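This report concerns only the one structure given below.
Here the structure is a predicted model, which is why all the values come from computation and not from measurement. Remember, it's 1-based here, ligands and their atoms both numbered in the order they're listed. The first residue of the sequence shown is numbered 1, and numbering continues consecutively from there.
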Amino acid sequence: MKNILVNDSFHPCGISLLKTKGFNVFEGSYNGQELINFINSKSIGILLIRSATQVNKEVIDACPTLKFVGRGGVGMDNIDEVAAKKKGIITFNTPGASTTAVAELVFAHLLSIYRFVSTSNKLISENPDSVKRLKKELANGRELKGKTLGVWGTGRIGCEVMKIAISFGMEVIAYHPTLDEVEFTLEFFDTALDLRIPISPLDEFLAQADIISLHIPLNDSPVITKDIISKMKKGVTFINTSRSGNVDEVALLEALNSGKIAHAALDVFNGNTELLQHPNISLTPHLGASTIEAQEKISDELAKKIISLVKNQ
Ligand code: NAD
């Protein structure tokens with residue numbers, strides 16, 4: 001039980017904590033049969049992963065020593081939870097650790113789009129003599145203050161995005177299929193303000209938002225479809241930091257080409273080259289949770305969870 005395989009890279013703080021508590025920590029980067037072989041050769045009881053390792057039924061069925069599987073981050077997409085449950089394996093994740101990191105990335109994209117930050121970088125580095133011309137060409141940036149941000153999905157990240165948006169002086173509207181309103185607390189200096197945002201009917205939400213940011217788990221089929229896009233305001237900015245499968249990327253590309261969606265920011269995507277090379281797209285390679293602070297929180301939370309689970313066994 002005290003043998004742990006840390007199979008995707010983790011911040012060292014949690015690993016040190018586990019070692020001080022007497023766990024034998026092995027670090028690796030295995031998948032498939034190699035993963036099975038390693039777990040069995042070291043009698044691994046606890047497996048810690050991020051998104052790269054697939055803990056599927058084959059792995060679960062072939063590794064009888066495995067008792068806990070912890071995933072750093074939100075979602076359990078890469079763990080077969082049904083198979084794990086059947087074998088009595090406890091699975092867990094760190095849902096809140098990356099909330100701030102993802103929410104801030106939304107605004108990194110948004111500010112970059114609204115003020116041509118990455119476009120400027122690209123154009124100036126391609127042609128350093130173009131600065132005077134670009135100053136004129138890129139003079140029509142926009143301000144976030146007063147714009148309406150539509151947050152689709154009002155869980156941890158969606159609420160954090162709304163808090164930041166309010167600090168920018170934006171109007172916020174929210175959509176959720178079953179809730180009537182969403183509550184959160186805005187903290188500043190030594191004041192805490194409890195806010196309630198009513199949930200908008202979908203058609204109103206789509207028609208009113210200048211920017212739509214998606215914060216839902218992976219749904220069974222895309223929620224951002226051709227039909228949904230057709231109901232959005234012309235010239236909307238669309239941001240997806242959730243899961244690529246939530247967006248019909250063919251419909252997104254069509255909308256970017258027609259100008260229905262003026263700009264899109266994607267942290268998660270499937271890789272259609274025409275979409276990825278579109279001039280009005282802002283991309284990051286799934287960096288949502290990739291801050292030093294989030295990595296520390298993920299590593300620390302997983303280590304503490306394991307220590308408490310093993311203590312209570
Ligand atoms: P959460 O569970 O706190 O909130 C998700 C909310 O979406 C819930 O309120 C749920 O009821 C709602 N929801 C589900 N389906 C919906 C739908 N079709 N329409 C509207 N609402 C719907 O999750 P979270 O922590 O806020 O994470 C949100 C998303 O962010 C997840 O997909 C997660 O995988 C993703 N994420 C991405 C990164 C990254 O690196 N880009 C990092 C962390 C999380």
- Message: If I compare all heavy atoms of L138 with all of S120, which pair ends up nearest, and what's the gap?
- Response: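 Minimum heavy-atom separation between L138 and S120: CD1-OG, 3.3 Å.
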
- Message: Looking at every non-hydrogen atom in both residues, tell me the closest pair between S242 and N246 and how far apart they are.
- Response: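 Reported closest heavy-atom pair: OG-ND2, 3.0 Å.
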
Using heavy-atom distances only, which candidate in [options] approaches [atom] most closely?
atom: atom 28 (C) of ligand 1; options: R156, R243, H215; answer: H215
atom: atom 24 (P) of ligand 1; options: L266, V161, L218, I157; answer: I157
atom: atom 44 (C) of ligand 1; options: I216, V182, V74; answer: V74

- Item | Side chain, backbone, both or neither: S98 near ligand 1, heavy atoms under 4.0 Å |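 Answer for S98: side chain.
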
- Answer side chain, backbone, both or neither: which part of N219 comes under 4.0 Å from ligand 1, heavy atoms only.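 The answer is the side chain of N219.
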
Which of the atoms of ligand 1 are close to [X], meaning less than 4.0 Å from one of its heavy atoms?
X: D267; answer: 39 (C), 40 (O), 41 (N)
X: A289; answer: 40 (O)
X: V102; answer: 38 (C), 42 (C), 43 (C)
X: G153; answer: 7 (O), 21 (N)
X: H286; answer: 39 (C), 40 (O), 41 (N)
X: W152; answer: 17 (C), 19 (N), 20 (C)
X: H176; answer: 9 (O), 10 (C), 11 (O), 12 (C), 21 (N)

- Item | side chain to side chain contact (heavy atoms under 4.5 Å, CB included) assessment of K233 paired with T148 | CA-CA 11 Å; K233 199 185 243 191; T148 300; 5.7 Å; no

- Message: For Y175 and F205, take the angle between the two ring planes, folded into 0 to 90°, and tell me which bin it lands in: parallel under 30, tilted 30 to 60, perpendicular over 60.
- Response: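 Rings of Y175 and F205: tilted, as their planes differ by 30° to 60°.
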
- Query: About how many Å separate CD1 of I281 and CD of E274, when rounded to the nearest 0.5 Å?
  - Reply: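 Result: 11.0 Å between the selected atoms.
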
- Message: Applying side chain to side chain donor-acceptor pair (under 3.5 Å) to S43 and T65, what does each step give before you reach the verdict?
- Response: CA-CA 6 Å; S43 300; T65 56; 5.4 Å; no

- Task: Show the numbers, then the answer: is there a side chain to side chain contact (heavy atoms under 4.5 Å, CB included) between V6 and L302?
- Result: CA-CA 11 Å; V6 176; L302 279 181; over 6 Å; no

- Same cluster (ILVMFWY, side-chain, under 4.5 Å), I212 and L218: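 Each belongs to a different hydrophobic cluster.
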
- Message: Please list the nearest protein heavy atom to atom 14 (C) of ligand 1 with its residue and the distance rounded to 0.1 Å.
- Response: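 Atom 14 (C) of ligand 1 sits closest to the protein heavy atom P217 CD, 3.3 Å.
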
- Item | atom 4 (O) of ligand 1: the protein heavy-atom neighbour that sits closest, reported with distance to 0.1 Å |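 Its nearest protein heavy-atom neighbour is G155 CA, 3.2 Å.
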
- Message: Is G75 close enough to touch ligand 1? Criterion: a residue heavy atom under 4.0 Å from a ligand atom.
- Response: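 Heavy atoms of G75 never come under 4.0 Å of ligand 1.
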
- Message: Using heavy atoms and a 4.0 Å limit, tell me yes or no: is T241 in contact with ligand 1?
- Response: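 Under 4.0 Å: yes for T241.
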
- Query: Who pairs with D300 by salt bridge (charged side-chain N to carboxylate O under 4.0 Å, His left out), at least two apart in sequence or on another chain?
  - Reply: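 D300 satisfies salt bridge (charged side-chain N to carboxylate O under 4.0 Å, His left out) with K304 only.
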
Pairs under 3.5 angstrom only: tabulate donor-acceptor contacts from the side chains of residues 101-111 to other protein residues two or more places apart or in another chain.
| residue | atom | partner | partner atom | Å |
| --- | --- | --- | --- | --- |
| H109 | ND1 | S282 | OG | 2.7 |
| H109 | NE2 | T284 | OG1 | 2.9 |

